Protein chains: 2
Amino acid sequence: MQINMSTRELRAFVALAELRNFTRAAERCHLSQPAFSALIRSLEEHIGGRLFDRTTRQVELTVEGAGFLEAAQRLLREADTAVADVRDHVARRRGRVAIAALPSLAAGWLPPLLARYHARYPDIELDVADVLSDDCIARVQTGRADFALASTQASANGLRAERFCADSFHLVCRDDHPLAAQTGHLKLSELSGWPVIQLARSSSVRQHVDAALHPRRLSSFLELEQLSTVAAMVREGLGVSVVPTLTLFHFDHPRLRARPVVAAGLKRQVYLLRRADRALSSAAQGLYELLMAQRPGFRSAA
Amino acid sequence: MQINMSTRELRAFVALAELRNFTRAAERCHLSQPAFSALIRSLEEHIGGRLFDRTTRQVELTVEGAGFLEAAQRLLREADTAVADVRDHVARRRGRVAIAALPSLAAGWLPPLLARYHARYPDIELDVADVLSDDCIARVQTGRADFALASTQASANGLRAERFCADSFHLVCRDDHPLAAQTGHLKLSELSGWPVIQLARSSSVRQHVDAALHPRRLSSFLELEQLSTVAAMVREGLGVSVVPTLTLFHFDHPRLRARPVVAAGLKRQVYLLRRADRALSSAAQGLYELLMAQRPGFRSAA
DNA sequence: CGATCTTACGGGATTCGTAAACATA
DNA sequence: TATGTTTACGAATCCCGTAAGATCG
């Protein structure tokens, strides 16, 4: 037979067991003494036996009550920590957020936002996977990431996608390059003939550029994996490159110039992907809200 | 901040977490669905955050709620076992009784009563110390025995004594002994001249006999520790002895005769000793009541 | 006789169930 | 539209505090 028992009853029981005095135990529980007495009596009735031997002058635990005291104290401790735990998680005093983001976002735009999040919730563990789109999706699907910022929509597969931001592209070249002679927008056609340093075909950046040019192709003589390497090559004058605006921080150098590129369809959409069947944890929700409030192109690129 | 939380709230939470459906979870808790809904809401308010993400069509644990679920299930398990434990002890389904009793009582009169107690409460552990009075007292004082049957009053020392029974004495001798020629009561004076086999001076039996005779003394030529040895010696015709009535079972033999002894003050009082500051456990109380109901000389010597 | 627990009882808060409103697939 | 949750609300219950009563040292 299962009983209804409240922490208040247990606290009353423990107080009386420790103080051996109804009046003082009632005070500790912020109850009138008769109310406290009734509480103890009801607990004893529920349990089906005396927990205390009492006269008007003396209150003592029964042998059975002494056994219950240990259990009651342990139960109270555990109940308190259980509640404190969930409160901590809800209040973001503890917890963990795991996200996945394209390297181009993870390296440039994300860090200052993560810093702000960490300053606000210093005891939340952060796990950022700077991986390509496919891995981003896999991590969200398997629950290893709470959400992801990637450039594929992937609306199927139990994921929910919402548009996060749109990233345009820039030409980057050295200041002594002919294309650096002008400022302002650049048409893709102006690139023809110039050697272009590109990223590997597996990267979403490269795929966007290729798709925008189709069926034309840039004259590429060098393919690299990392944008930072691309920047170094451009600095050496080996060629120019076309990169998303959000990655321009890689090319922040006195001798490098950037010009926006205009081309139909040359726009990289970034989506925020999350599981459709699961709500975000409080900690993840906090990061989500911060990212959404600071999404590039909507208010201020942080 | 400590919260009031009841097992009913926890059970409701666990039911909803498992069934993911308010209506069915309410049924399991024997509540109307709106009442159940209010219960969950109040639990969430106390905790300060959502435990479930719910629409009218879907109920899912939040990440925080999932963490709380484990704690809630553990808490319920422990609360149930704690209550079951104390109930078992109160109901004498489990427990332990330790008593101390004079060897003369422990060997003859006590065993059938213990057997009855054990038949009634088979899962109560029994611990009987068949020791002399001083040890009986010490065991009760130190808590190693719940109560004791001994022949010293020992009203001081934090013990409470109540008269248990009075034991008279018998002469025992072999059928060919002159004292066996008569039946009926025997005066102590009739013993003079006959060799008497006695117990050691440390035994309460011997002390009673000596006190009753004072300042006379029996002609003792043989002192023994155990009554069973006394019986063997008497059977051999080495002498007679004077022993408490309750120990006559040692002398139950075809060739042995027993005659009641009349003498002023030759009466052994047996007291039940218990700690004054402590009530008996339920298990001990059960044995106490059985022993009191069956005390020798008050109704029937079992 | 004084300190302390229990009982009695009226008032207030809590909680229940029914019924209606609301929301989502 | 059907299923299922929330809101509204009157009623029953529970629980508290004051005051009187009982009990033990």
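Note that the coordinates shown come from a computational prediction; the quantities given were computed from them, not determined experimentally. Here is the naming used below: chain letters follow the sequence lines, and residue numbers restart at 1 for every chain.
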### Query
Would you say A:R278 has more than 12 foreign heavy atoms packed within less than 6.0 Å of its CZ?
no
* OP1 or OP2 of D:dT6 under 4.0 Å from side-chain N/O of B:S37 -> yes
inquiry  = So A:Q33, base contact, sugar-phosphate only, or nothing? Heavy-atom distance under 4.0 Å.
reply    = base
* Asked: Between A:N4 and B:T7, do the side chains contain an N or O donor and an N or O acceptor separated by less than 3.5 Å?
  -> yes
Between its two end axes (five pairs each) the helix from C:dC1-D:dG25 to C:dA25-D:dT1 turns, nearest 10 degrees, through 40°
Rounded to whole Å, CG of B:L31 lies from P of D:dT13 at a distance of 15 Å
OP1 or OP2 of C:dT4 less than 4.0 angstrom from a side-chain nitrogen or oxygen of A:T55, does that happen here?
no
Are B:R41 and D:dT5 close enough that a side-chain N or O sits under 4.0 Å from OP1 or OP2?
no
| message | Any heavy-atom pair between the side chains of B:P296 and B:L246 that's under 4.5 Å? | response | yes
Winner on side-chain proximity to A:P34, out of C:dT7, C:dA19, D:dT5, is C:dT7
A:E45 CD to D:dC15 P, in whole Å, measures 11 Å
In whole angstroms, the gap separating P of C:dC16 from CG of A:N4 amounts to 10 Å
In whole angstroms, the gap separating C1' of C:dC5 from CG of A:D53 amounts to 14 Å
Query raised in the report: For C:dT6, does OP1 or OP2 lie under 4.0 Å from any side-chain N or O of A:R54?
Result: yes
### Message
What's B:S32 touching, base or sugar-phosphate or nothing? Going by heavy atoms closer than 4.0 Å.
### Response
base
task: Would you indicate whether the side-chain heavy atoms of B:L61 and B:F13 approach each other to under 4.5 Å?
output: yes
### Query
How about A:R96: does its CZ atom have over 12 heavy atoms from other parts shown lying under 6.0 Å from it?
yes
Taken to the nearest whole Å, CZ/A:F36 to P/D:dT18 is 17 Å
Checklist entry - Between A:R8 and D:dC14, does any side-chain N or O lie under 4.0 Å from OP1 or OP2? => result no
